[in-house]
Amino acid sequence: KNEVEQSPQNLTAQEGEFITINCSYSVGISALHWLQQHPGGGIVSLFMLSSGKKKHGRLIATINIQEKHSSLHITASHPRDSAVYICAVYGTASKLTFGTGTRLQVTL
Amino acid sequence: NAGVTQTPKFRILKIGQSMTLQCTQDMNHNYMYWYRQDPGMGLKLIYYSVGAGITDKGEVPNGYNVSRSTTEDFPLRLELAAPSQTSVYFCASREGLNTEAFFGQGTRLTVV
């Protein structure tokens, strides 16, 4: 079992829909990172959080440390949101552990 | 600031050839990392460094070597390329523990 599990693995939505991507982890962490990767592209940081909730534009990230769970929400989704969304956790050592990603496709 | 810069962006190698993937960051970050990304898999840590002169193995170090002679640079060396090393390689850096990681644009390597 991976230390970081994301669901769903693939997600197709219509433009305007509210989207939720989930991340569960099994190790103690100091922080969690949500990342975005467009096809053939680099990896961009969306949020880093260790408690509560953060919002940036149409993106909202929440984390529940006790339940070892985080969610990434996209409101009013748009085709340009189509990408792979990756959850990564900062453990007690120097390293990041990554989930396998959620591939999101938003159609018109 | 350029952030994290990786070169080259693409490379095709023949089995047994060697090459160095370059990674430079201009943010004076102490921590630097090399990851590989295979289809359907999460990023796997190859090597990392917590400062100049200090490197350590990650999950999948076999077939690779690194050095960290300066804070800015963290090159990854493939000595005898094998088809199993076909992957996308990402370099990342961060200032310290519990700080945000920044990623390079990736190097797509194909070994034939």
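The chains referred to below are lettered A, B, ... by the order of the sequence lines, with proteins before strands, and numbering in each begins at 1. On a predicted model such as this, the values are computed, not experimentally measured, just so you know. As a basis for the values below, the full set of heavy atoms in this structure was taken, side chains included, without hydrogen atoms, waters or symmetry mates.
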#### Entry: Proximal component of B:Ala101, with respect to chain A [non-hydrogen, under 4.5 Å]
both
### Query
More than 12 non-hydrogen atoms from neighbouring residues, nucleotides or ligands closer than 6.0 Å to CD on B:Glu59, yes or no?
yes
#### Entry: Gap between atom CD1 of A:Ile86 and atom CD of B:Gln37 - 0.5 Å precision
5.5 Å
### Message
Any heavy-atom pair between the side chains of B:Phe103 and A:Val44 that's under 4.5 Å?
### Response
no
### Test side chain to side chain contact (heavy atoms under 4.5 Å, CB included) applied to B:Asp56 and A:Lys95, step by step
CA-CA 11 Å; B:Asp56 208 348; A:Lys95 307 164 203 173; over 6 Å; no
### Query
Yes or no on side chain to side chain contact (heavy atoms under 4.5 Å, CB included) for A:Gln37 and B:Phe90, after CA distance, side-chain angles and deciding distance?
CA-CA 12 Å; A:Gln37 184 178 24; B:Phe90 285 97; 3.3 Å; yes
### Message
Is there a side-chain contact between A:Leu96 and B:Leu43 in this structure, where contact means two heavy atoms from C-beta onward sitting under 4.5 Å apart?
### Response
no
### Query
Are any non-hydrogen side-chain atoms of A:Tyr90 and B:Arg94 less than 4.5 angstrom apart?
yes
### Task
Look at B:Tyr35, B:Tyr33, B:Tyr31 and state which one has the largest set of heavy-atom pairs under 4.5 Å with chain A.
B:Tyr35
#### Entry: Joint cluster assignment, B:Val66 & B:Val60, ILVMFWY side-chain distance < 4.5 Å
yes
### Task
Give a yes or no on whether A:Val27 and A:Val4 share a hydrophobic cluster (residues Ile, Leu, Val, Met, Phe, Trp, Tyr; joining criterion: side-chain heavy atoms under 4.5 Å apart).
yes
### Task
Flag yes if more than 12 heavy atoms outside B:Ile15 fall under 6.0 Å of its CD1 atom; otherwise flag no.
yes
### Query
Shared ILVMFWY cluster between A:Ile65 and A:Trp34, side chains joined below 4.5 angstrom?
yes
### Message
Counting only heavy atoms from other residues, nucleotides and ligands, does the tally under 6.0 Å from CD of B:Glu79 exceed 12?
### Response
yes
### Message
Shorter than 4.5 Å, heavy atoms on both sides: which option in A:Ala31, A:Ser50, A:Gly42, A:Ala88 has the most such pairs with chain B?
### Response
A:Gly42
#### Entry: Transitive ILVMFWY side-chain link A:Leu59 to A:Val106, under 4.5 Å
yes
